[in-house]
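Notes follow once the structure below has been shown.
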There are 2 protein chains.
Amino acid sequence: MKNKRHSIKDIAAALNVSVTTVSFVLNGKAKEKRISEEVTKKVLEYARSINYKPNQLAQSLRTGRSKIIVVMVEDISNYFFSKLARIIEDIAYDKGYKVLFCSNENKDERSRELINLFRERQVDGYIIVPSPGIQEDISELVTDDIPVILFDRYFPEIDTNYVIIDNSEAVHNASQHLVDNSYKKIGFITIASNQTQMEARQRGYRDAMKENNLEEFVLEVPFYEKNTGKVKALIAEYLSNNDLDSIFFATNYLTQIGLEVIRESFPDKINELGIITFDDNDLFKIYFPPITAVSQPLEEIGKELMNTVLKMLKSTPEKPYRNQKILPASLIKRNSSFPNKRP
Amino acid sequence: MKNKRHSIKDIAAALNVSVTTVSFVLNGKAKEKRISEEVTKKVLEYARSINYKPNQLAQSLRTGRSKIIVVMVEDISNYFFSKLARIIEDIAYDKGYKVLFCSNENKDERSRELINLFRERQVDGYIIVPSPGIQEDISELVTDDIPVILFDRYFPEIDTNYVIIDNSEAVHNASQHLVDNSYKKIGFITIASNQTQMEARQRGYRDAMKENNLEEFVLEVPFYEKNTGKVKALIAEYLSNNDLDSIFFATNYLTQIGLEVIRESFPDKINELGIITFDDNDLFKIYFPPITAVSQPLEEIGKELMNTVLKMLKSTPEKPYRNQKILPASLIKRNSSFPNKRP
DNA sequence: CTGAAAGCGCTAACAG
DNA sequence: CTGTTAGCGCTTTCAG
């Protein structure tokens, strides 16, 4: 039952035409190359009948396109990225592309390794969440006319395509929402980072506080301490030193750690503290209390990203396809940000 | 700066040797083919100096190996699978393989599509979480001598490699843990499914109940109703009809839905109901109460899977590499299963 | 309208 | 010990 693969040559031989003709027909160039209706049909039918599938490898070698797109994110096991991966996957397979996912852990070293790895393997395009210091590698891709699009964050200094969300606006709105619900001492826990997305978020918070004449309480957790108990200690200290009535977590995993701290050290506060988190998670909905979250439009981001690379793939270096998209995020209001809905 | 790629021919020309020599040297066959030390060194050094990278595509076309492994899971955005993906990714890149992740949604149709898609693209090996009815497609892969390994569940009828965990044992232990903590009316909420892993889990529960002379309360949620509010209704109904003192959720997403139901319809019960879930999640740790979970050894599963495909890739049809591994799961005990640790 | 043939970059059998 | 050469399967130019 091992149906040996058919090649274009087999078809040509069986039908007594040349491989050229077969190739033309199969690539939809019959009209253009003015192949007779008759032959065209014959080839098409025969190809169907033996269930001919072109050898992608050979095709790639010849055309130089691998039909592979790389999606490099910070951590594929992160809720936000894995959900997005699911969406991108669907679009890609639909369009005949394969997608390689990989995680750079927000480290430049690893990002570089991965980019080099994939450059060697003639990947067609890159969708990247860039780690802080890889502008150079990114611009190299750009100058080499390799389709690359950034998302989640970008480098203002270099002219690339990107899809991001309006972080400052989103955080600004969400902060205002806390103010509207009469929270007065609003803390903002974020990562010490000068990446665009984190800076924008902090700006959104600070602006909102200023507009409302409220004091700013920002805790910047050093980035390299991710995963360590030190972050917990820092947050715990921050919480006891400031008598906050609400907290805004600027990122997914800080929320997790923060909630852990609250659970362990201030369990009674969980039902009075106002809480908002950046990036939603299925489980926040069912938390006690359900947690208000800034939610990124995953579906839209995924589509925008894929459509853009696809278009870039089709464009020429002379007239490149440009797309720098800023999408709005939405605020999903749950009990954790309404004092009157507590406990 | 656009450093045009170097080919093996360039090297040969530059060094005045033949491509064969270069190829042999570069493939580490210098010794075997008895190439002189001198030439070997010369080639190696020159290759280094121009930063030569072989064209994988050409190599693949020639050798028939793409160096790509497919990992097909139910849903890559599921916590369990995405964490695992992260582990597999690391091992694969380390070994010079690329990994393609894809989600079959536990649907046969989609599984088949994907398998066909990848067969056309000469993928080297498959790591698969099989949907219920694709035994045939799997055995086809097996009889065609294509490395495939199943995990999470398997088909007893066909002789494949697999990596699974001891589901019945794990659930049995966990159930016993509830009994030991003096829960008497223990409910078991699962999916109506005859897949091995679900059957084993239910068996583990039932056995434990029998051994302790406790009544069995099983709710089987029809599979196709995943994602609908109907599941919620079923669970709500089940909970009001049975005055349970504890619940065992047989799967990840049932826990989420179940907790949602409890939150919405029986909020006061959250602090008395004993709760255990199958498959951990970072957020269960910080829930109120923290939720006891059966946790699969992700790291081990990932390693076992990758090592196995890699070995299968190296083995011949005559002496295939066999590996059917059953790993133990562990119970992470948290407050939700201790009546005395509840407020 | 169709075919011959070159060649993408690499491997490996065969021949010195 | 090293080189010649025939492909892997496909696309595409050029020549009828």
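Sequence lines set the chain letters: A, B, ... in the order given, protein chains first and strands last, and positions in each chain run from 1.
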For [X] and [N], what is the distance between atoms [atom1] and [atom2] respectively, to the nearest whole Å?
X        : N     : atom1 : atom2 : value
A:Glu32  : C:dT2 : CD    : P     : 15 Å
B:Leu26  : C:dG9 : CG    : P     : 15 Å
B:Leu15  : D:dG3 : CG    : C1'   : 15 Å
B:Ile11  : C:dG9 : CD1   : P     : 13 Å
B:Arg34  : D:dG3 : CZ    : P     : 16 Å
A:Gln122 : C:dG9 : CD    : C1'   : 10 Å

### Query
Under 4.0 Å between a side-chain N/O of B:Lys29 and OP1 or OP2 of C:dT11, yes or no?
no

### Query
Think A:Thr21 has a side-chain N or O under 4.0 angstrom from the OP1 or OP2 of C:dT2?
no

### Query
For the side chain of A:Val19, counting heavy atoms from C-beta on, which of C:dG3, C:dA5, C:dC1 is nearest?
C:dA5

### Query
Any salt bridge (Lys or Arg N to Asp or Glu O under 4.0 Å) pairs touching residues 45-56 of chain B, not counting sequence neighbours?
A:Glu120-B:Lys53

### Query
Of B:Arg112, B:Arg119, B:Arg110, which meets salt bridge (charged side-chain N to carboxylate O under 4.0 Å, His left out) against B:Asp137?
B:Arg112

### Query
Does A:Phe151 reach the side chain of A:Ile301, with side-chain heavy atoms less than 4.5 Å apart?
yes

#### Entry: Residue whose nearest DNA chain D nucleotide is more 5′ - B:Ile35 or A:Phe24
B:Ile35

Between the protein and nucleotides 7-10 of chain D, which nitrogen or oxygen pairs are less than 3.5 angstrom apart?
unit_1 : atom_1 : unit_2  : atom_2 : d
D:dG7  : N2     : B:Arg62 : NE     : 3.3
D:dG7  : N2     : B:Arg62 : NH1    : 2.6
D:dG7  : N3     : B:Arg62 : NH1    : 3.2
D:dC10 : OP1    : A:Tyr52 : OH     : 2.4
D:dC10 : OP1    : A:Asn55 : N      : 3.1
D:dC10 : OP2    : A:Ile8  : N      : 2.6

### Query
Counting only distance, no hydrogens or angles, is the base of D:dT4 paired donor-acceptor with the side chain of B:Thr20 under 3.5 Å?
yes

### Query
Once you round to the nearest 0.5 Å, how far does OG of A:Ser103 lie from CZ of B:Arg86?
4.0 Å

### Message
Considering only residues two or more places apart or on different chains, which pairs with a residue in residues 102-142 of chain B satisfy ring-ring contact (aromatic ring centres under 6.0 Å, His included)?
### Response
A:Tyr93-B:Phe118

### Query
Do A:Lys29's NZ or CZ and the ring of A:Phe24 fall within the cation-pi criteria of under 6.0 Å and 45°?
no

### Task
Give one of base, sugar-phosphate or nothing for A:Lys31, where a contact means two heavy atoms less than 4.0 Å apart.
nothing

### Query
In terms of side-chain heavy atoms, does B:Ser111 have a donor or acceptor partner in B:Ser131 at a distance below 3.5 Å?
yes

